[in-house]
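Below: one structure, written as structure tokens.
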Amino acid sequence: MYQKHNIKLTGNLNSQKTLVFANGFGSDQQVWRHIIPSFKDEFRIVLFDLPNSNLTSNQEFDKLKYDSLHDYAEDFIDILDHLNIENAVLVGHSVSCMIGALTALKKPELIDKLIFISASPCYLNKGDYPGGLTTQKTVEILSEMADNYTGWIKKYSPIVMNNPDKPHLSEEFSSCLTKLRPDISILVFNTILKSDYRREVARLEIPVLILQPRDDVFVPVAVGEYLHKAIKNSEYRLIEALGHFPHLSNPSLVVQEINDFLNFPETFNEIFC
């Protein structure tokens with residue numbers, strides 16, 4: 001397990017408070033490097049990679065096992081059980097937000113609070129739900145990946161980062177994507193784009209912080225607003241950050257929002273509702 005998920009424990013290992021950081025598609029645990037220093041003195045910190053995030057996990061990736069986000073949630077559960085961790089705060093980015101939500105629903109004692117960064121329960125437009133992507137667009141994206149994976153990376157990395165004044169960010173994302181086997185990358189991205197966990201997130205009862213960037217190509221503002229309405233015990237922040245990786249493009253703001261959420265004495269609903 002330690003090799004497959006590259007599990008690392010850092011921060012204050014004697015603390016009774018635990019922060020678990022879960023990366024999104026196309027990145028690994030290094031994506032949290034600007035966030036962790038602000039919490040390392042107060043929290044025990046758990047870092048790990050999704051099973052398709054690095055060269056080592058590529059070799060162990062079972063295509064037949066990971067056909068829904070529920071399978072990734074079982075990995076989250078195994079990791080936390082293995083480390084004897086309960087009542088953690090899980091900070092998820094992108095797809096890991098929904099994996100974290102499923103984990104909390106499957107085994108509630110593991111997760112006390114959730115923090116969503118650029119989260120979407122469903123990427124497709126469905127009825128009056130504005131997921132942001134049409135079925136045709138998802139087919140086009142997956143076809144581009146299959147036809148020319150390297151070309152797709154060069155095209156989409158700057159679009160996803162959306163910080164033209166910080167080209168090193170898209171270069172970093174490109175580097176991470178290049179480490180993935182194209183066949184695995186396409187399979188995982190297909191699973192993500194076609195997922196729909198709107199019913200599941202509506203069942204969440206624990207406190208949830210939703211951090212929504214203003215301009216995210218894969219997660220429109222309307223999706224963040226939808227999550228806030230669907231999750232009864234949630235706080236919503238439309239943050240001044242561009243792109244799908246606000247924890248890289250504006251880490252100080254993300255740290256501030258996380259701090260405010262963790263230090264708030266009561267949930268939003270208890271005070272104002």
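In what follows, every heavy atom counts, from backbone to side chain, and hydrogens, waters and symmetry copies are set aside.
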Mind checking the CG-CG spacing from Asn23 to Leu50? Nearest 0.5 Å is all I need.
-> 4.5 Å
Rounded distance [0.5 Å steps], CD1 in Ile77 versus CD1 in Ile111 | 8.0 Å
Flag side-chain contact, heavy atom, 4.5 Å: Pro130 against Tyr226 | no
Roughly how far, to the nearest 0.5 Å, is OG of Ser175 from NE2 of His168?
-> 13.5 Å
Given the rule in the side chain to side chain contact (heavy atoms under 4.5 Å, CB included) test, do Gln212 and His228 qualify, once you have shown the distances and angles that lead to the verdict?
-> CA-CA 10 Å; Gln212 172 68 48; His228 182 40; over 6 Å; no
Steps toward side chain to side chain contact (heavy atoms under 4.5 Å, CB included) verdict (Leu124, Asp196) | CA-CA 8 Å; Leu124 289 171; Asp196 187 347; over 6 Å; no
Short side-chain to backbone donor-acceptor contact, His244 and Pro213, under 3.5 Å | no
Among the clusters formed by ILVMFWY side chains lying less than 4.5 Å apart, do Leu238 and Leu227 turn up in the same one?
-> yes
Is there a chain of hydrophobic side chains (I, L, V, M, F, W, Y, each step under 4.5 Å between heavy atoms) that links Leu242 to Val255?
-> no
Assess whether atom NZ of Lys126 is packed by more than 12 heavy atoms of other residues, nucleotides or ligands within 6.0 Å.
-> yes
Can you establish whether the number of heavy atoms outside Lys106 located under 6.0 Å from its atom NZ is more than 12?
-> yes
So do the side chains of Val188 and Tyr66 get within less than 4.5 Å of each other, counting heavy atoms only?
-> no
For Asn148 and Gly151, work out which heavy atoms get closest and say how close.
-> OD1-N, 2.9 Å
Should we count CD of Glu205 as having more than 12 external heavy atoms under 6.0 Å?
-> no
Above 12 or not: heavy atoms from other molecules or residues under 6.0 Å from CD of Glu109?
-> yes
Interatomic distance, OG1@Thr18 vs CG@Asn87, rounded to 0.5 Å, equals 9.0 Å
Verify the cluster assignment for Leu142 and Ile159: are they in a single hydrophobic cluster under the rule of side-chain heavy atoms below 4.5 Å apart?
-> yes
Minimum heavy-atom distance Ser15-Arg44, with the two atoms named | CB-N, 3.8 Å
Take Gln29 and Phe21 through the test side chain to side chain contact (heavy atoms under 4.5 Å, CB included) and record every step on the way to the result.
-> CA-CA 8 Å; Gln29 61 187 257; Phe21 289 91; over 6 Å; no
Would you give the length of the straight line joining atom CG of Asp75 to atom CG of Asp49, rounded to the nearest 0.5 angstrom?
-> 12.0 Å
Mutual orientation of the aromatic rings belonging to Phe218 and Tyr123 [parallel < 30°, tilted 30-60°, perpendicular > 60°] | perpendicular
Would you call Val46 and Leu83 a side-chain contact if the rule is heavy atoms closer than 4.5 Å?
-> yes
Hey, would you say the Tyr72 and His70 ring centroids sit under 6.0 Å apart?
-> no
Looking only at heavy atoms, the pair that brings Ser195 and Ile192 closest together is OG-O, 2.7 Å
Do Asn250 side-chain atoms and Glu240 backbone N/O form a donor-acceptor pair below 3.5 Å?
-> yes
Does some side-chain heavy atom of Asp67 sit less than 4.5 Å from a side-chain heavy atom of Thr191?
-> no
Which heavy atom in Val219 sits nearest to a heavy atom in Ser118, and how many Å separate them?
-> CG2-O, 3.7 Å
Take Phe245 and His247, measure what ring-ring contact (aromatic ring centres under 6.0 Å, His included) needs, and give me the verdict at the end.
-> CA-CA 5 Å; Phe245 286 77; His247 43 312; 5.6 Å; yes
Nearest heavy-atom approach of Leu262 to Lys113 is O-NZ, 4.1 Å
Any donor-acceptor pair under 3.5 Å from Ser157 side chain to Lys154 backbone = no
With a 4.5 Å limit on heavy-atom distance, are the side chains of Ile45 and Lys40 in contact?
-> yes
When every non-hydrogen atom of Tyr197 is compared with those of Leu69, the smallest separation belongs to OH-N, 3.1 Å
Quick one: CG on Leu133 to CG on Asn125, what's the gap to the nearest 0.5 Å?
-> 7.0 Å
Note, Ile115 side chain near Val89 side chain (heavy atom, < 4.5 Å) = yes
Check whether any side-chain heavy atom of Leu211 sits under 4.5 Å from a side-chain heavy atom of Pro246, and report yes or no.
-> no
Determine whether Val91 and Leu9 fall in the same hydrophobic cluster, where Ile, Leu, Val, Met, Phe, Trp and Tyr are linked whenever their side-chain heavy atoms lie under 4.5 Å apart.
-> yes
Look at the rings of Phe25 and Phe189 and say which category their plane angle falls in: under 30° parallel, 30 to 60° tilted, over 60° perpendicular.
-> parallel
Among Pro121, Cys97, Ser120, side-chain contact (heavy atoms from CB on, under 4.5 Å) partner for Val201 = Pro121
Are any of the side-chain heavy atoms of Met145 and Tyr156 separated by less than 4.5 Å?
-> no
Any sub-3.5 Å donor-acceptor pair from Asn190's side-chain atoms to Leu187's backbone N or O?
-> no
State plainly whether one hydrophobic cluster holds both Leu169 and Leu177, where clusters connect Ile, Leu, Val, Met, Phe, Trp and Tyr through side-chain heavy atoms under 4.5 angstrom apart.
-> yes
N-O pairing of Arg33 and Glu172 below 4.0 Å = yes
Would you please say whether a donor-acceptor pair under 3.5 Å links the side chains of Tyr149 and Ser185?
-> yes
Step by step, would you call Lys17 with Glu42 a side chain to side chain contact (heavy atoms under 4.5 Å, CB included)?
-> CA-CA 7 Å; Lys17 298 186 292 184; Glu42 184 178 358; 2.2 Å; yes
Between Asn12 (side chain) and Asp41 (backbone), is there a donor-acceptor pair under 3.5 Å?
-> yes
Any ion pair linking Asp260 and Arg237 (charged N to carboxylate O, less than 4.0 Å)?
-> no
